[in-house]
Protein chains: 2
Amino acid sequence: MPELDAIDRKILSHLQNDSRMTMQELADKVGLSVSPCHRRVRLLEERGVISRYIATVDQKALGLHVSVFISIKLARQKEEDLNRFARAISKWDEVLECYLMTGNRDYLLRVVAADLASYETFLKTKLTRLDGIASIESSFALSQVKYSIALPV
Amino acid sequence: MPELDAIDRKILSHLQNDSRMTMQELADKVGLSVSPCHRRVRLLEERGVISRYIATVDQKALGLHVSVFISIKLARQKEEDLNRFARAISKWDEVLECYLMTGNRDYLLRVVAADLASYETFLKTKLTRLDGIASIESSFALSQVKYSIALPV
DNA sequence: CGTCTGATTGGTAAAATATCCCAATATCGG
DNA sequence: CCGATATTGGGATATTTTACCAATCAGACG
């Protein structure tokens, strides 16, 4: 796997913030002409460094006013239990992020919902119906101070 | 602000997962021809429902192996203190997410770093140098079970 | 039940952009 | 300094986006 050089990193940095700019614009910004710039982008895609191109949607515009962080502890932590839990939460669109954690909590989830009522529905019809959960603790976000998808390059 | 109808939601749902498909493909998927589909996308952009188009980059490919959640409590919670904190963390690329929380912790941050050493550098040279922080508590993610940018539509 | 009005759709053509090919240039090891 | 290899740049072509306009559809109202 070849290393990323300074130009590759510039390309990633720009595309992480705006993937709609033209190759000409991107090439200008990174100091190349269109051809080599295009080839570098294609290689980054093929190597999986660039994984996808997506549109970001405004959470408020969709009426999703509630963001919740949920700490979860499982009754047992065998691999089979962890896998079962992972499969379940992967299906649910409300769960945007899920991490297996160190410390005394097993999982940390970020969940969005339209309001408290629909969050309660999510809890009652989905999360609490899972087997093997020892405890659930919800912490609500009052506001999103920063949200970025752009990794430091 | 006009409501989003079923076709708008289909458009958003597809573009959240792949913004590189052509208008022709998208139009086929939502059951329209290119013209009205294109017009709807443009309106969604103008209304701010679609906020940006971006490339997603693979965290491992960049060598960012450490994900940390940091709970922070401030010494005081006056608006001026909150704003000062928000301005500071907004500048730092390592901080991908920051939420103002309910409960006994003021902020929850998600931070990425190459390894523990560079995370320590982040703490020592940036976070702990901020004034007005009463306590910092780091929780490490062992693995990312799910990470999605696609909001439920 | 028909007709009018405004909004939405679909097709087409022009403009912008991506993509590919090949020659020119730069880089690195000896 | 020279040769081999990788990278770059320009131009031609194919694809895609975008704007325009006529046709269709939905709903209000007599």
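Numbers restart at 1 for each chain; the letters A, B, ... are given by sequence-line order, proteins then strands.
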* If you measure from the Lys or Arg side-chain nitrogens to the Asp or Glu carboxylate oxygens, is any gap between B/Asp5 and B/Arg40 under 4.0 Å? -> yes
* **d(CZ, A/Arg20; C1', D/dT17) in whole Å** => 9 Å
* Nearest-Å distance, CG (B/Leu4) to P (C/dT8)? -> 13 Å
* Asked: Can a donor-acceptor pair be found between the side chains of B/Tyr99 and A/Gln144 at a distance below 3.5 Å?
  -> yes
* What is the distance from CD of A/Glu3 to C1' of D/dA6, rounded to the nearest Å? -> 17 Å
* Test item: B/Lys146 side-chain N/O and A/Leu96 main-chain N/O as donor-acceptor pair under 3.5 Å -> no
* In whole Å, what is the span from the CG atom of B/Leu26 to the P atom of D/dT16? -> 13 Å
* To do: Can you tell me the distance, in whole Å, between the CZ atom of A/Arg42 and the C1' atom of C/dC20?
  => 9 Å
* Asked: So which of B/Leu142, B/Val112, B/Val111 actually passes side chain to side chain contact (heavy atoms under 4.5 Å, CB included) with B/Ser67?
  -> B/Val112
* Take atom CE of B/Met23 and atom P of C/dA18, then tell me their distance rounded to the nearest Å. => 14 Å
* Asked: Among A/Glu45, A/Arg39, A/His38, which residue meets the side chain to side chain contact (heavy atoms under 4.5 Å, CB included) test with A/Val41?
  -> A/Glu45
* Structure fact -> Between CD1 of A/Ile7 and C1' of C/dT27 the distance, given in whole Å, is 13 Å
* Asked: What are the residues of residues 29-40 of chain B, sorted by number, that bring a heavy atom to within less than 4.0 Å of DNA chain C?
  -> B/Leu32, B/Ser33, B/Ser35, B/Pro36, B/Arg39, B/Arg40
* To do: For residues A/Cys98 and A/Leu109, report the shortest heavy-atom separation together with the two atoms involved.
  => SG-CD1, 3.7 Å
* Asked: Rounding to a whole Å, what distance do you find between A/Glu25:CD and D/dT17:C1'?
  -> 15 Å
